[in-house]
Amino acid sequence: MLDLSSLNDAQKQAVTAPLGPVLVLAGPGSGKTKTLTFRIAYIIEKRLINPVNILALTFTNKAAKEMRARVRKLLSRFQGVSEQLTMGTFHSVCARILRKEISALGYSPNFTIFDTDDQHKVIREICDDLKLDKKFPPSLFSALISRAKNILQLPSELDLGMDSPLKERLQEVYGRYQDSLFRQNALDFDDLLMLMVKLLDSNEKLLQKYQKQFAYILVDEYQDTNPAQYALLRLLSKHQNLFVVGDDAQSIYGFRGSDITNILNFEKDYPTAAIIKLEQNYRSSKNILNAAQKVIELNSEQKEKTLWTENLSGEKIIIRVAEDERAEAEFVARKIIELVSHEKNELVYEAEEEYKGYSILERVLKARKMFGKTDVFRHLKLSQLPKKHDSLKEYCVLYRTHAQSRALEEVFIESGIPYQIVGGLKFYERKEIKDMLAYLRLCVNFRDLVSLKRVINEPARGIGDRSYLAIRDFIVDITAKNKDMRLKDFREKFLKVQILPKALASAQDFFAMLEDFSSLPVKATLPELLKAVLRRTGMEKFLRDGSEKGESKWENVQELITVTSKFKNLPWKEALTAFLEEVALMAEIDQKQEEKDTVTLMTLHSAKGLEFDNVFFVGLEEGILPHSRSLIDPGELAEEIRLAYVGLTRARKRLFLICAKSRMSFGNRQLQTPSRVLKVLPKECVEFQGLPLLEQNDGEIVVEEMEF
DNA sequence: AGCGCTCAGCTTTTT
DNA sequence: GCTGAGCGCT
């Protein structure tokens, strides 16, 4: 029997609500995932819903994985049931369905998924072909094309409300782009959603099939759905068995087309909907929750919600003003060392002792006397992390932009603190890895021109730009006539390409190589394919050139083979498709290694849905958070506030808020002012540490400007 | 074809 | 202050 006794009243109400539309408004730390997983278990066990008819959509693969594990635990009496559920991100679920059904749209099922990088390359090539004015950079078009796709507009249906010279060009570029993808048998991220919707919209039979298959739909992070995702849900949820969970205060993906009105209008869209609010917070201390509440109140239009907690007030939130990004990072490192090793960094505290009882001006004068006019903290050496220390897993550092991670990383290396950075310089973005992936992509789909261009001359085969262009045009030409041509037939016709004989011979050999790979024995494994690719393409020799760099690249490629070994039990063709799809649709956070005992560094966006005992929130400055690009638009500004809210509510016990007085940006040192977020924090929840450059005054925090 | 030099653009956030 | 695209030279 499913035991509901650990749920509070609101949670229980949500879990046991009648089938039909349900909106759960869940504040941070209110047991959102718990409610979702119990709901799934409940409808299977109590409402006897067949798990194959359940579709659960999450925002990241990591969340899907976690949810499946939790459902498995709840339903451990029913072996294998959790494996029958369809769970994943919108993108991965769409990809899986499209692999089966996309021939109805003229694509082949072995389509390649293009990431943003691939997308940019295609668009840039189109812009080059069109010889567009510099006023129309490729980046402009990729943004507009994505926007159009998010609202389900094909090139012929464009209506983005813009002036006509731009609109004309967009139509041209978008049209060519979409044609190009089609010929390459490739889909970009937005296509996965848009084409899924177009397919269901235009094909009554398929629509009915999936309405029937997914009769019960659950959606996590509903506030982050975009119009295409919304349309998909409307199409699928014919039976209105739609259970959505979200929090309008945590909507932070407006920039990629998510539409907060989806959650705000749920009641209008589904008039019979049950609305349940989860307002009890189990995560954070009172101090943290109260501070977060004040921050979200900066937004007047947020839906009214009263979060409360039975947790204790806890420690005060520490605010720290650092001299610059270096000092900021040093503070974080020093604090972590101090907390996990239960000992204070003596030097630091010696210095701070000195300041007791002095006014701000006096402290500054004293600091200058002791250390000169440069940053006082730079003179304090960080201690090494002792051999024996507490776990670092409960520490995280949050920032607005990836660029901010650099200074932190430097100091963490110097201080010997193990850390992992989520996102940023990704494993799969290294050149040698991208090259390998390009070869693998070509094994599945030789029409993938982005990959072809990438590796046709890597290692060098004497095929230069001109030869590539001739080959490209030949492929475009021939696939226009016969888009389903097999590699083998293609190779026969290939003799006709007009290029230098040497290049032609190399290119022929190149395609013969691809054919060799595809004729690998059916029962070969994916790691075997990778090894064959490395050997046959000459990548192995090319990478292992005896240099140190080469060796490190080789190690990365070996790591790639290790990653693929989890697909060993599948025939390589299936494994390859699954692997490439996984890589393409991986969220930054999916790369976080949970088992590693390290501090986690990541952007606020990646942190959504996570929680830590100790959170360091850095760069709380105007222009960083809120970001300078958001200041002109009230809507975007509100999103920055929600972002701050998300950041604050990640913390369970300790929260450190740090801002720097100056910061390096674009190679210039820039003076910073503290974020408006810092100024609304309730006085009784916060405390200043170290050299305070802020003072409290009648419950409001004012910033003391300092002259050096 | 391959190397090295210069200069622009870059830092929002991501599936 | 760093990267990578583009250019020119060998």
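So that the names make sense, note that chain A is the first sequence line, chain B the second, and so on, each numbered from 1. Predicted model, so just to flag it, every value in this text is computed and none were measured.
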Nearest-Å distance for atom pair CD/C1', residues A:Gln591 and B:dT14: 12 Å

Between P of C:dG1 and CD of A:Gln404, the distance in whole Å: 18 Å

Nucleotide nearest A:Thr89 when distance is taken to its side chain, options B:dT13, B:dT15, C:dA5: B:dT15

Separation of A:Phe511 CZ from A:Ile471 CD1 (nearest 0.5 Å): 6.0 Å

From B:dT14, B:dT15, C:dC2, nucleotide with atom closest to A:Arg406 side chain: C:dC2

Sugar-phosphate, base or nothing in reach of A:Phe90, heavy atoms under 4.0 Å: nothing

Whole-Å gap separating P (B:dT11) and CD (A:Glu325): 17 Å

Summary of protein contacts for nucleotides 1-10 of chain B, nucleotide by nucleotide, where a base hit scores B, a sugar-phosphate-only hit scores S (4.0 Å, heavy atoms): SS-------B

Aromatic ring proximity A:His627/A:Phe255, centre distance under 6.0 Å: no

N-O pairing of A:Lys65 and A:Glu594 below 4.0 Å: no

side-chain hydrogen bond (donor to acceptor under 3.5 Å, both in side chains) involving A:Asp224 - partner list, sequence neighbours excluded: A:Lys608

Nearest to side-chain heavy atoms of A:Met664, which nucleotide of C:dC2, B:dT14, C:dG1: C:dG1

Distance, rounded to the nearest Å, where A:Met196 contributes CE and B:dT15 contributes C1': 17 Å

A:Tyr253-A:Glu221 side chain donor-acceptor pair, cut-off 3.5 Å: no

Sugar-phosphate, base or nothing in reach of A:Ser606, heavy atoms under 4.0 Å: sugar-phosphate

Presence of A:His402 side-chain N/O under 4.0 Å of B:dT14 phosphate oxygens OP1/OP2: yes

Interatomic distance, A:Lys62 NZ vs B:dT14 P [rounded to whole Å]: 15 Å

Side-chain N,O (A:Thr116) to OP1/OP2 (B:dT14) below 4.0 Å: no

Whether A:Asn556 side chain and A:Ile433 backbone form a donor-acceptor pair below 3.5 Å: no

Residue pair A:Ser506 / A:Arg461, side-chain donor-acceptor N/O under 3.5 Å: no

Whole angstrom value for the distance that separates C1' of B:dT13 from CG of A:Leu604: 9 Å

Pairwise P distance for C:dG4 and B:dT13, with rounding to whole Å: 16 Å

Side chain of A:Ala403 (C-beta onward), nearest among B:dT13, B:dT11, B:dT15: B:dT11

Sugar-phosphate only, base, or nothing, as touched by A:Glu636 at under 4.0 Å among non-hydrogen atoms: base

Results of side-chain contact (heavy atoms from CB on, under 4.5 Å) for A:Val583 - residues two or more places apart only: A:Tyr428, A:Leu437, A:Phe579

Whole-Å gap separating P (C:dG1) and CD (A:Gln670): 13 Å

Length of the line joining A:Asp590:CG and B:dT15:P, which is rounded to integer Å: 7 Å

